[in-house]
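Below, each value reflects all heavy atoms present in this structure, side chains not excepted, and no hydrogens, waters or symmetry copies.
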Amino acid sequence: MADEIATGPKAPTPRRGTLLGAVFLMATSAVGPGFITQTTEFTIQLGAAFAFAIVVSVLVDIAVQLNVWRVIGVSGRRAQDLGNAVLPGLGYLMAALVVFGGLVFNIGNIAGTSLGLDALFGLNTTVGGLLSAVIAIGIFLSRRAGVAMDRIVVVLGAAMILLTTFVAIASAPPVGRALTETVLPSEVDFLSITTLIGGTVGGYITYAGAHRLVDAGVTGPDQVSAVSRSSIISLLVTGVMRVVLFLAILGVVAGGVTLTSSNPTAEAFQHATGEIGMRLFGMILWAAGITSVVGAAYTSVSFLVTFSARLERGRNWLVVGFVAISAVVFALLNKAPTTLLVLAGALNGLILPVGFGVLMFVAARRRDLLGGYRYPKWLLALGVLAWLLTLYLGYNSLSGIGELWG
């Protein structure tokens with residue numbers, strides 16, 4: 001890949017575009033088609049009380065990402081390399097789980113882009129999915145792939161937020177009630193909280209932004225401020241998208257509309273803004289899908305390239321192959337592979353405590369891997385508490401494997 005992506009010497013003053021690219025790569029990787037469906041379903045179920053779950057999940061996500069970005073950023077090593085340094089072979093296991101989960105979810109992401117283009121232009125879903133895959137491949141084949149990727153995810157990420165905000169304003173949600181539920185919830189649903197956390201910092205998503213900074217050379221103890229700031233902003237961007245989408249759906253539901261179709265988000269957008277709502281939904285879903293395709297492909301391949309110089313040299317073609325395989329499987333199935341998605345979700349739930357546990361061990365006991373950096377005790381304590389929660393999430397994810405056998 002272009003030198004913007006290749007690992008290089010530490011940049012003393014990171015470019016604003018690179019930091020924004022890392023922020024939005026993580027954020028848009030989290031905001032995929034599943035994110036949109038998930039937020040809609042919980043809003044329909046919980047109403048305004050869902051606001052509390054959103055706030056709690058964002059706070060936990062920040063605790064996780066602050067630690068992930070800092071350990072990876074200060075060490076200048078990707079997660080799988082730190083895994084192998086802690087226990088030989090562990091990094092290979094982490095890579096296998098992340099790559100498999102990323103590949104399967106990428107099929108779902110391409111399915112999301114196809115549905116988006118169908119709502120936007122009435123395009124055949126198979127054609128729409130393949131066209132989106134070609135666009136994603138074109139991004140990585142450009143001469144300055146790193147810059148192209150950074151710009152695409154920033155522009156489309158901002159577009160998603162602005163378009164959803166427009167729908168949220170049009171739906172006239174009860175903002176006062178939502179604010180009250182944020183601090184005094186009438187119902188606390190732990191399933192929704194754990195699901196949101198797993199959906200925004202699970203699997204490859206956890207490492208998307210941090211690996212981007214490593215590839216751009218934004219590493220080392222002197223970059224702690226930039227790395228930490230970027231990690232928080234990335235979660236806030238994701239949180240803002242979650243909030244405006246929640247408010248858009250809440251306004252419709254609170255107005256007495258019962259969403260009964262198989263695509264409740266599109267139905268809600270249509271109720272809020274008429275026929276244009278369906279087009280807006282299509283644009284948002286396509287943007288969510290294509291940016292998640294880019295994020296999944298880039299981050300999954302970043303787990304492979306450090307194992308061999310030949311893989312590093314062929315990074316472009318690995319990413320292209322990753323997207324192409326996802327597209328071919330999507331075309332053959334002509335739908336998101338439900339069973340595989342359940343399995344991938346379960347594996348993502350397992351890799352979160354394993355990978356995060358490795359990073360917390362490095363923070364606590366392997367100062368040598370951090371270049372002598374003294375890790376803040378408050379951040380370590382916060383990370384350990386978050387890690388204990390990821391163990392609970394991982395345990396819950398095992399039910400996904402049980403569903404397969406059922």
Side-chain angles (χ1 to χ4, degrees), residues 1-6 21-22 24-26 28-29 31-34 98-118 120-121 123-157 159-160 203-205 207-209 211-212 215-216 282-283 285-305 310-337 340 344:
M1 192 163 288
D3 57 2
E4 276 289 319
I5 283 187
F24 275 87
L25 182 65
M26 182 271 146
T28 55
S29 292
V31 182
V98 169
V99 170
F100 175 76
L103 181 63
V104 174
F105 271 112
N106 226 25
I107 300 168
N109 291 333
I110 291 176
T113 65
S114 72
L115 295 175
L117 290 180
D118 178 35
L120 194 57
F121 302 116
L123 198 62
N124 174 274
T125 53
T126 301
V127 173
L130 293 177
L131 176 61
S132 299
V134 169
I135 292 173
I137 288 173
I139 293 171
F140 289 106
L141 287 182
S142 64
R143 291 185 57 133
R144 302 185 67 193
V147 173
M149 180 178 67
D150 289 342
R151 289 177 179 171
I152 287 291
V153 297
V154 170
V155 170
L156 291 182
M160 279 191 283
Y204 69 89
I205 299 169
Y207 310 101
H211 279 201
R212 176 69 187 104
D215 288 340
M283 182 62 208
L285 186 62
W286 182 81
I290 194 71
T291 51
S292 292
V293 168
V294 169
Y298 171 81
T299 309
S300 297
V301 169
S302 76
F303 268 81
L304 297 175
V305 294
R310 177 178 293 182
L311 292 176
E312 180 66 65
R313 289 193 298 272
R315 180 197 280 247
N316 267 15
W317 296 109
L318 283 175
V319 176
V320 168
F322 190 93
V323 176
I325 291 172
S326 304
V328 169
V329 175
F330 159 76
L332 292 175
L333 295 176
N334 201 27
K335 62 179 180 179
L340 284 178

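- Nearest heavy atom pair, residue L285 against residue G116, reads CD2-N, 3.7 Å.
- The CG atom of N124 lies 11.5 Å from the CG atom of L131; values are rounded to the nearest 0.5 Å.
- A parallel orientation is assigned to the rings of F140 and Y298, their planes being inclined by less than 30° (bins at 30° and 60°).
- Side-chain atoms of F322 and V99, non-hydrogen and from C-beta on, do get closer than 4.5 Å to each other.
- Side-chain contact check for R212 versus D150: some heavy-atom pair is nearer than 4.5 Å.
- S142 approaches A148 most closely through the heavy-atom pair OG-CB, 3.5 Å.
- Taking both residues in full, the closest heavy atoms of N109 and A296 are given as ND2-CB, 4.3 Å, listed atom of the first, atom of the second, then distance.
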* To do: Could you give me the CA-CA distance, side-chain angles and deciding distance for L311 and L318, then say whether side-chain contact (heavy atoms from CB on, under 4.5 Å) is met?
  => CA-CA 8 Å; L311 292 176; L318 283 175; 3.9 Å; yes
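- Taking CG of L141 as the reference point, atom CH2 of W317 lies at 5.5 Å (rounded to 0.5 Å).
- When every heavy atom of S114 is checked against every heavy atom of G129, the shortest pair comes out as CB-N, 3.5 Å.
- Residues S132 and I110 have side chains not in contact (no heavy-atom distance under 4.5 Å, counting atoms from C-beta outward).
- Atom CG of L120 and atom CG of L115 lie 12.5 Å apart (nearest 0.5 Å).
- Under the 6.0 Å cut-off for aromatic ring centres, Y204 and F105 do not qualify, their centroids lying 6.0 Å or more apart.
- A287 approaches M160 most closely through the heavy-atom pair CB-CG, 3.6 Å.
- N316 has its side chain out of reach of V320: every pair of non-hydrogen atoms, C-beta onward, lies at least 4.5 Å apart.
- Atom OG1 of T125 and atom CG of L130 lie 9.5 Å apart (nearest 0.5 Å).
- T28 OG1 to L156 CG: the interatomic distance, rounded to the nearest 0.5 Å, is 8.0 Å.
- Side chains of F330 and N106 form no contact here, defined as non-hydrogen atoms less than 4.5 Å apart.
- In terms of heavy-atom proximity, S29 sits nearest to S292 at O-OG, 3.6 Å.
- Two residues are said to be in side-chain contact when any heavy atoms from C-beta on lie closer than 4.5 Å; M149 and V319 fail this criterion.
- Remark: I152 CD1 to F24 CZ distance equals 13.0 Å, nearest 0.5 Å.
- Counting heavy atoms from C-beta outward, L103 and S326 have side chains that approach closer than 4.5 Å.
- The shortest side-chain heavy-atom distance between V294 and I139 falls under the 4.5 Å cut-off.
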